[in-house]
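All heavy atoms count here, side chains included; hydrogens, waters and symmetry mates do not.
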Amino acid sequence: MLIVGAALVLLAILTPVPVDWWLKAFSKLTDFWLAAAIATLGAAALTFGLRLRRHPRSGRPPSAAPLPPDRQLRPIPTWTFPVGAIIIVLVTWIAVLWLQSAAPKGTNPQAAQLRINAIRTGLSVGAGAVGALALLLALRRQQLAERSQQATEYDAGEKRVTELYVKAAEQLGSEKAPVRLAGLYALERLAQANPMHRQSITEVICAYLRMPLPIVYGEGESSDDVAEQSQHAEKWGGERQVRLAAQRLLVKHAKNDAQTVAEGAFWGSLNLDLAEATLIDADFSGTQIGSLNCRGSKFLGHASFRDSTFHKRPDFRAAKFSAEATFTGARFALGADFIQVHFQNRARFNKTKFEGEADFTSGAFENVTFFDNSSFLADGDFSFCTFRDSTRFFKTKFGNDVWFDNGRFLDRLAFDGTAFGGDASFDSSRFEGTTFFRVSEIKGSFEFTAAVISKKDGARANVWPQGWRETENGEGLEREQVFEIEVE
C-alpha cells in the first residue's frame, strides 16, 4: 500500500506536465539509453543496500540451525482489495482524460482516430496498474513461501538440536565412564555450533558436577573383599576422569585469551552454579566468569583462580579448600563472599583486587595466608576469622573500613607497608603470635577495644600502630597517654 500511495502522489504531481514535454524527454532519453540503464541499476543497488543496512544480519549469533523469521507477516486486510480496484479505476480514468485533452478536436477521421488511440492508451495504463498489483501479490506469495520454508527448516533444526541434547544428557546418566565422557563432548560440540544453547548446556555440565560422588575406595567401607574394593577403585577412577573433563570444558570456554578467541571457543562470561559440588584439582586460571556459586563446595586438590575476573559477586560461603588455594591476580568487580570459608592449606590472595565489599566473616585459615599487594577498594570484613598460621598483608591497600573484630591470630601477623584508607577495627581480637603493624598510611583510626595478647614463648617484640601500646601486664592494648607540657 505504501508503494501504491507513493505512485499515486507522484502521478498527481506529474499530471500538469504537458504531453509535448514528455515526448521531448522520451526522445532525449532514447539517445542516452545506456546511461539511463546504468543509473537505474545504481538506484536499485543503492535502495537494496539501504534496506540491508536497516536490517543488519551480522548481529545475529551464528548457529548451525536456521534462524526463525525476524517478525511475523500480517495478513492483507480485506479492505485493500476494493480500495485497490478504486485506485485502478481512478488511474485509468485520469489517464484517459489526460490523453483525451491532448488529442486534437474536430470531426475529421484523423482526430477521431487519435481520440480512440488515447482511450486505448488510457485503458493500457489501467491494465498496467492491474499487472503491477498482480505482481505485488505474486511477490507476497513468494515471500510467504520463503518464510514458510525458513520456519520449516528452523523447526527441523531445533528438533535435531533437541534430540542431540537429550541423547547427550542420557549418556551422562550412564554407569560407564567412557559413555559419560562421550556425552560431555557431544554437549560441547552442540554448544559450539549453537551459541543460543551454550548457557543451558553449561548448566547441565554444572549440574553433573553437583551430583554426589560415588563410594570412594578406602572410605566408609569395612569389608575386606578385595574384588569389591577393586570395583570401588575403578568406579572412583572413572568418575574422576569424567569430572576432570567437565571442569576442563568449562575452563576452556571461559578463557578470553587470543588463542581461544581465534578458535571461536570463547563462550562469554558464563554463569556457573557449582553449589555443593565436589571439584578435583580445579584450575580456573585466566577465566572470565559472570556469576559463580560455590556455596558449600569442596575443592579436592589444588584450586586456582589465578588472574580470573569475576564480573558478578561470587559466592564461596562455607566452601572448603583441602589443598592450596590460589587467587593471585584475581579481580572481583563486585566484591566477594567468603563467609565461613575454610582453607585447610595455604591461601594466596597476592595482587588480588576487590572492587566491592570483601566479606571473610568467620573464615578459617589453617595455614599460611598471603594478601600481599592486594587492593580492597571497598569495605573488608574479617570478623570472627581464625588465622592459625602466619598471615601477611604486605603492601596491601584498604580503600575503606576494615574489620578484624573477634579475630584469632594464632601465629605471626604482619601489616608491612599496608595503607588503610579508613578505620581499622580489631575489637576483641586475640593475638598469640608476633604482630607487626608497619603501616605506611592510615586515614582513619585503629580500635583495639578488649583485644587480648597471649604471647608464645620465644615470640619477638610486637610492633603496634602509633598511639597504641601494650598494657602493663602485657595482655591487652591501650592508647598511649599524651602529656601536654605547659610552658610558662
Is there a side-chain contact between [X] and [Y] (heavy atoms, below 4.5 Å)?
X: Asn256; Y: Thr309; result: no
X: Glu475; Y: Ile453; result: no
X: Thr418; Y: Phe398; result: yes
X: Leu172; Y: Leu184; result: yes
X: Gln466; Y: Phe446; result: no
X: Asn462; Y: Thr434; result: yes
X: Glu357; Y: Asn400; result: no
X: Val242; Y: Tyr208; result: yes

Using the benzene-type ring in the case of Trp, are the ring centres of [X] and [Y] under 6.0 Å apart?
X: Phe404; Y: Phe415; answer: yes
X: Phe382; Y: Phe365; answer: no
X: Phe431; Y: Trp464; answer: yes

Could you check whether any side-chain N or O of [X] sits under 3.5 Å from a backbone N or O of [Y], counting only pairs where one atom can act as donor and the other as acceptor?
X: Ser375; Y: Leu377; value: no
X: Arg295; Y: Ala318; value: no
X: Arg313; Y: Leu334; value: yes
X: Arg198; Y: Ala191; value: yes

- Task: Kindly state each residue pair satisfying salt bridge (charged side-chain N to carboxylate O under 4.0 Å, His left out) with at least one member in residues 269-292, sequence neighbours excluded.
- Result: Arg210-Asp273, Arg240-Asp281
- Identified side chain to side chain contact (heavy atoms under 4.5 Å, CB included) counterpart of Thr202 within the set Leu272, Leu249, Leu187: Leu272
- Item | side chain to side chain contact (heavy atoms under 4.5 Å, CB included), paired with Asn350, selected from Phe370, Phe371, Phe394 | Phe370
- Message: Before you tell me yes or no, could you show the steps for Asp416 and Arg392 under salt bridge (Lys or Arg N to Asp or Glu O under 4.0 Å), namely the whole-Å CA-CA distance, both residues' side-chain angles and the distance that decides it to 0.1 Å?
- Response: CA-CA 8 Å; Asp416 293 332; Arg392 193 171 70 179; over 6 Å; no
Nearest 0.5 Å, please: how far is [atom2] in [Y] from [atom1] in [X]?
X: Ser362; Y: Phe338; atom1: OG; atom2: CZ; result: 15.0 Å
X: Cys294; Y: Ile289; atom1: SG; atom2: CD1; result: 8.0 Å
X: Lys395; Y: Lys397; atom1: NZ; atom2: NZ; result: 10.0 Å
X: Leu270; Y: Ile201; atom1: CG; atom2: CD1; result: 11.0 Å
X: Trp403; Y: Asp379; atom1: CH2; atom2: CG; result: 4.0 Å
X: Asp307; Y: Asp257; atom1: CG; atom2: CG; result: 11.5 Å

Is it the case that the side chains of [Y] and [X] hold a donor-acceptor pair, with the cut-off being a distance below 3.5 Å and no angle test?
X: Ser425; Y: Asp405; result: yes
X: Thr396; Y: Ser374; result: no
X: Asn406; Y: Ser383; result: no

When the ring planes of [X] and [Y] are compared, do they come out parallel, tilted or perpendicular, using 30° and 60° as the limits?
X: Phe448; Y: Trp468; result: perpendicular
X: Phe299; Y: Phe321; result: parallel
X: Phe349; Y: Phe327; result: parallel

- Query: Nearest heavy-atom pair of Gly335 and Pro314: which atoms, and what distance?
  - Reply: O-CD, 3.2 Å
- Query: What are the two closest heavy atoms between Arg243 and Leu209, and how far apart are they?
  - Reply: NH1-O, 3.0 Å
- Message: For a salt bridge (Lys or Arg N to Asp or Glu O under 4.0 Å) check, start with the C-alpha distance between Arg317 and Asp315, then their side-chain angles and the critical distance, and finish with the verdict.
- Response: CA-CA 6 Å; Arg317 299 188 184 193; Asp315 190 351; 3.7 Å; yes
- Task: Please assess Glu432 against Arg408 for the test salt bridge (Lys or Arg N to Asp or Glu O under 4.0 Å), listing each intermediate value before the final yes or no.
- Result: CA-CA 8 Å; Glu432 298 188 12; Arg408 295 190 65 190; 3.5 Å; yes
- Residue among Arg346, Arg388, Gln344 satisfying side chain to side chain donor-acceptor pair (under 3.5 Å) with Glu366: Arg388
- Which of these, Glu188, His253, Gln199, sits in a side chain to side chain donor-acceptor pair (under 3.5 Å) with Trp267? His253
- Message: Is it true that, when you exclude Arg189 itself, more than 12 heavy atoms of the residues, nucleotides or ligands shown sit nearer than 6.0 Å to its CZ?
- Response: no
